[in-house]
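In what follows, a structure is listed as structure tokens, so that the remarks can point back to it.
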Amino acid sequence: MKKGDHLFLVDGSGYIFRAYHALPPLTRKSDGLPTSAVLGFCNMVWKLTQDARNTDVGIVPTHFAVIFDYSSKTFRSDLYPEYKANRSAPPEDLIPQFGLIRQATRAFNLPCLETEGYEADDLIATYCRLACEAGADTTIISSDKDLMQLVGPTVAMYDPMKDRQIGVPEVIEKWGVPPEKMIDLQALTGDSVDNVPGVPGIGPKTAAQLLEQFGDLDALLARAGEIKQDKRRESIIANADKARISRELVTLKNDVPVSEGLDQFVLQAPDGPRLIGFLKTMEFTSLTRRVAEATGTDPGDVAATAVTIERADTAHGPDMGFGAPAAAENIPAPSDEAPAEAAKQGDTPSLLSALRLEAATARKIDTGAYVSIRDAATLRAWIAEAMETGIVAFDIEASSPDPMQAELIGLSMATAPGRAAYVPLAHKSGNGDLLGGGVVENQIPIREALGILKPLLEDKSVLKIVQELKYDLVVMSRHGIDVAPFDDTMLISYVLDAGTSGGHGMAALSEKWLGHSPIALKDLAGSGRSFVGFDQVDIDKATAYAAEHADVTLRLWRVLKPRLAAKGLVSVYERLERPLVPVLARMEQRGISVDRQILSRLSGELAQGAARLEDEIYQLVGERINIGSPKQLGDILFGRMGLPGGSKTKTGQWSTSAQLLEDLAAEGHELPRKIVDWRQLTKLKSTYTDALPGFVHPDTKRVHTSYALAATTTGRLSSSDPNLQNIPVRTVEGRKIRTAFIADKGNKLVSADYSQIELRVLAHVAEIPQLKQAFADGADIHAITASEMFNVPVEGMPAEIRRRAKAINFGIIYGISAFGLANQLSIPREEAGAYIKKYFERFPGIRDYIDATKAYAREYGYVETIFGRRIHYPEIRSSNPSVRAFNERASINARLQGTAADIIRRAMIRMDDALEKAKLSARMLLQVHDELVFETVEAEVEATIPVVRHVMENAAMPAVSMSVPLHVDARAADNWEEAH
DNA sequence: ACAGAAGCTTA
DNA sequence: GTAAGCTTCTGTT
């Protein structure tokens, strides 16, 4: 060994005890063998020997050794019989781990050292001295204060649980004395655990102060009479002997006779197969994977190796892991699955689903059994466990349902059913009205906690399971964490059960699958006016609530995930649902600029217009009624004024619908016209010009909508808070609102929308030759339809004829009925029925399509899109004819609307990649069912449009090669109105 | 304070 | 005739 070399000495025995108490209990799946300390040890050694960036040490060692206590009997017992005499026997589930850690050390191909009559600390001191004499540096892997006396210019310590180096400054900070005075300090303070007496009444603070004052222990004992405090002086004088013997006990021997020289500690590359054999035996799956990757070993080629296990009933002390074990058993290579599922080989996914469901409901949920994580070490331990299992469910608690505004309050995770914990981060105490509420003590600072969590949440080998992932994705992204990979239980449920009764929220899923009602938020934090914010919730209650979420999420995942495979829906989930989540999260985070001045001006104009109409309406009515009240309005119009044609709603009220009022207006009545106009103006004002500015984010100054992925039955998205999928476009007045949606300076908005996508889907799935041809020719589809039906040439076709054909085309998409078409066209039902009959004669494929869809839905209870998305209609067999008819229409529509929704989803999923590949900076902002809105710098507009169009028009490929081309219109402008 | 109905906006 | 969300009014809790 030479200058520049770096020796790592691991305090193996110290690590075992510390890891045992700090890490959550973990057992080998196949037989329940306790392994948490072994796993912690293996992870630590692997980290330390692999990459300097893994740890705070920042250096990969050239030499490495692991050192253990030989037995509890050492020279110190001869010196002082009571030394370590009050140590109780180690916990039962720790005993087998002593031997396993030694075996792990050998599997790592590392020196495993112990010497009879000495403690590990003495060997460490000895090798430290030898390394120092050779001019090399040493790092002791331990945080034991007994070893701090060794710290110096070439010797540091490293705390593997806290990932922290301990050098001279850290020792001084912690104990108030430099390392060379640690012996004297320990001599004074003693150690109750090791039964080192020390001087009664002297603790670390006093000891440090006395050593500062007198220099060292000898000087202190010689001049003890000078101590001013009576009690302290008397105690030191009376216990001087105890102090001296304590000093001998805590002084490490650095001249233990050793057989191995430092040169035998040169760090070797790991023997892949040997190490993997051991790790497989221990069933450390994710570490096995990492080691296999790093060593280029195929774990499938390696058989699990036999290990020797010492049983608690045959072990006779804490240090029994050496020599021949009294009893040993060879453990066979484990299977990959837990015993309950081990028999599944060759079984169907359906059977696995059934097993999982049984298992999920078998173990009851106990909200009292969850853990509150209040310090970084415990958090790290849970993370280590999650890293090991490779699967973790998590959930965040925050201050707002809006992920763009939400402040983190806490975070929960679950690593196995029933094993869940909550990490409070920002809980406050008291009602906070006087001093702003005190922050509850013992919460890990948010930054630190996120720093610890980030590697887990971003680790490619750990699957994160979340219910309603997008919310968490947005919140975590705001904290610089990109969660991946992930599963979303809400989306799995949506893929499995869209259309079946009940939603896909956690409470509903928990009751449906686990037969368990989780704690309701309103029971903890109140609701409405009495709502207090989650940060006011008592941490024990918050733990029960939040950890339960993680626990339930994990259990749901175990139940639901296998059902995807059993029902052949894996690819729908993996290709249409899951990848869209981060896409939407990014869109929501970006938001869109809204010009508040435009809205404010419009609002003023609308108010004026509405006020004028109000005056005129009051004149006509003769009193100041509430125009917004359909009840009052109906009474006035059809009661007092006796207008004709009144009809009743299902609650017996007079109907005052726009359609009805329009009809009256057409007959020359003045009042209904004004009411319709008033409604339009007040609707625009209240829903848009007045409400939208309230959604402008205080920091980003943009509007961030929220897209729901699992809200519709057909696969469409929905938008809320605010809904940006129903911004007016049909009337001139309404369109003005769109001019307020603008691009940032130097940018343009690009709007790209599919032309007639649902009719194209219809032409494709129903295989209608005339429609396919019309789309292939780029012809006017409604004119062609009219021409076919009414034998009128397309050239010079009257607008009314085309309008009727258009209504029929849309009617088909909606699952046509004579009643509906008659309403739409304001024609008698018989006439509408005749149109439909005619239509089916000209396009018999459409009648076949409708009949086939109804029959399919009736047989299976669901229909599918061309990409395999399933939409359920449980009431399709209802004996109620109108219920049945409604379900039939909905199922006909669902295939078309759902397929179109799938197509635009596919486009959205591919869009960001395509733009990036083309080196374009355009960013997707909005989706409105068949339209995508982008924002891009002016200079790139021309290059962006073809890329966007290409992705959208080819979105069905390669899964489905459509027999009808998709067509996309795209335009750029400064605002949404002009771009659309 | 909340729920449902009516009405209106979008694709 | 399909699929959504938001505002206002109204009656109940």
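Chain letters run A, B, ... following the sequence lines, proteins first and then strands; every chain starts at 1. Small disclaimer: the values here were computed from a predicted structure and weren't measured.
To the nearest angstrom, C1' of C:dA4 lies 13 Å from CD1 of A:Ile727. In this structure, A:Asp930 atom CG and C:dT2 atom C1' are separated by 14 Å, rounded to whole Å. If you take CG of A:Leu681 and C1' of B:dT9, they are 14 Å apart, rounded to a whole angstrom. As a whole-Å value, the separation of A:Leu717 CG from B:dT10 P is 19 Å. The distance from atom CG of A:Leu633 to atom C1' of C:dC9 is 12 Å, rounded to the nearest whole Å. At whole-Å resolution of the value, CD in A:Glu977 and P in B:dT10 are 13 Å apart. With rounding to whole Å, A:Trp678 atom CH2 is found 13 Å from B:dA6 atom C1'. Here B:dT9 presents its P atom at 16 Å from NE2 of A:His980, a figure rounded to the nearest Å.
Across all strands, A:Ser527 comes closer than 4.0 Å only to sugar-phosphate atoms, never to a base (heavy-atom distances). Heavy atoms of A:Gln680 sit under 4.0 angstrom from primed sugar atoms or phosphate atoms, though from no base atom. Residue contacts shown for A:Ser817 include a base, since a base heavy atom lies under 4.0 Å away. Using a 4.0 Å heavy-atom cutoff across all strands shown, A:Gly811 reaches at least one base atom of the nucleic acid. Among the atoms of the strands shown, none is found under 4.0 Å from any heavy atom of A:Ala894. Among the protein residues, A:Ala807 comes within range of the nucleic acid bases, having at least one heavy atom under 4.0 Å from a base atom. Across all strands shown, A:Asn723 has heavy atoms under 4.0 Å from sugar-phosphate atoms exclusively, and none from any base. Nucleic acid contact class of A:Leu821 (heavy atoms, under 4.0 Å, all strands): base. Residue A:Ala691 is in sugar-phosphate contact alone, with no base atom involved, counting any heavy-atom pair closer than 4.0 Å across all strands shown.
For A:Asn626 and C:dT8, the shortest distance from a side-chain N or O to OP1 or OP2 is not below 4.0 Å. At B:dA6, one or more side-chain N or O atoms of A:Thr649 fall inside 4.0 Å of OP1 or OP2 (strictly under the cut-off). Look at A:Arg889 and you'll find a side-chain N or O under 4.0 angstrom from OP1 or OP2 of C:dT2. A:Arg679 has a side-chain polar atom (N or O) that falls below the 4.0 Å cut-off from OP1 or OP2 of B:dC8. Between A:Ser718 and C:dA3 there is no side-chain polar atom (N or O) within less than 4.0 angstrom of OP1 or OP2. Proximity of A:Arg730 to the phosphate of B:dT10: a side-chain N or O atom is located under 4.0 Å from OP1 or OP2.
The closest donor-acceptor contact from the side chain of A:Arg716 to the backbone of A:Ala900 lies at 3.5 Å or more, if one exists at all. The closest donor-acceptor contact from the side chain of A:His872 to the backbone of A:Tyr862 lies at 3.5 Å or more, if one exists at all. Distance alone, capped at 3.5 Å, is enough to place a donor-acceptor pair between the A:Arg702 side chain and the A:Arg590 backbone. No side-chain donor-acceptor contact under 3.5 Å links A:Ser603 to the backbone of A:Leu599.
In this structure, the nucleotide among C:dG1, C:dA3, C:dT7 sitting nearest to the side chain of A:Gln897 is C:dA3. Comparing B:dC8, C:dT2, C:dG1 against the side chain of A:Phe886 picks out C:dT2 as the nearest. The side chain of A:Thr687 lies closest to C:dT7 when the candidates are B:dT9, C:dT7, C:dA4. Listed candidates were C:dG5, C:dT2, B:dA11. Nearest to the side chain of A:Arg738 is B:dA11. Distance from the side chain of A:Thr651 is smallest for B:dA5 among the nucleotides C:dA3, B:dG7, B:dA5. Taking every side-chain heavy atom of A:Asp721 into account, C:dC6 is the closest of B:dA11, C:dT7, C:dC6. Counting only heavy atoms from C-beta on, A:Lys650 has its side chain closest to B:dA6 among B:dA6, B:dA11, C:dA3. In the set C:dC9, C:dG1, B:dC8, the nucleotide with an atom closest to the side chain of A:Ser629 is C:dC9. Comparing atom distances between the A:Tyr688 side chain and each of C:dT7, B:dT9, B:dG7 picks out B:dT9 as nearest. Comparing atom distances between the A:Ser655 side chain and each of C:dT8, B:dG7, C:dG5 picks out B:dG7 as nearest.
Interface remark: the A:Gln725 side chain does not form any donor-acceptor pair with the B:dT10 base, using a distance-only criterion of under 3.5 Å.
Under the 4.0 Å criterion applied to side-chain N and carboxylate O atoms, A:Arg612 and A:Glu616 are not assigned as salt-bridge partners. Salt bridge annotation for A:Glu888-A:Arg858: absent, with no cationic side-chain nitrogen under 4.0 angstrom from a carboxylate oxygen.
Residues A:Phe790 and A:Tyr835 bring their aromatic ring centres within 6.0 Å.
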**OP:** Might you work through the salt bridge (charged side-chain N to carboxylate O under 4.0 Å, His left out) test for A:Arg673 and A:Glu670, ending with a clear yes or no?
**Re:** CA-CA 6 Å; A:Arg673 169 88 267 147; A:Glu670 213 177 344; over 6 Å; no
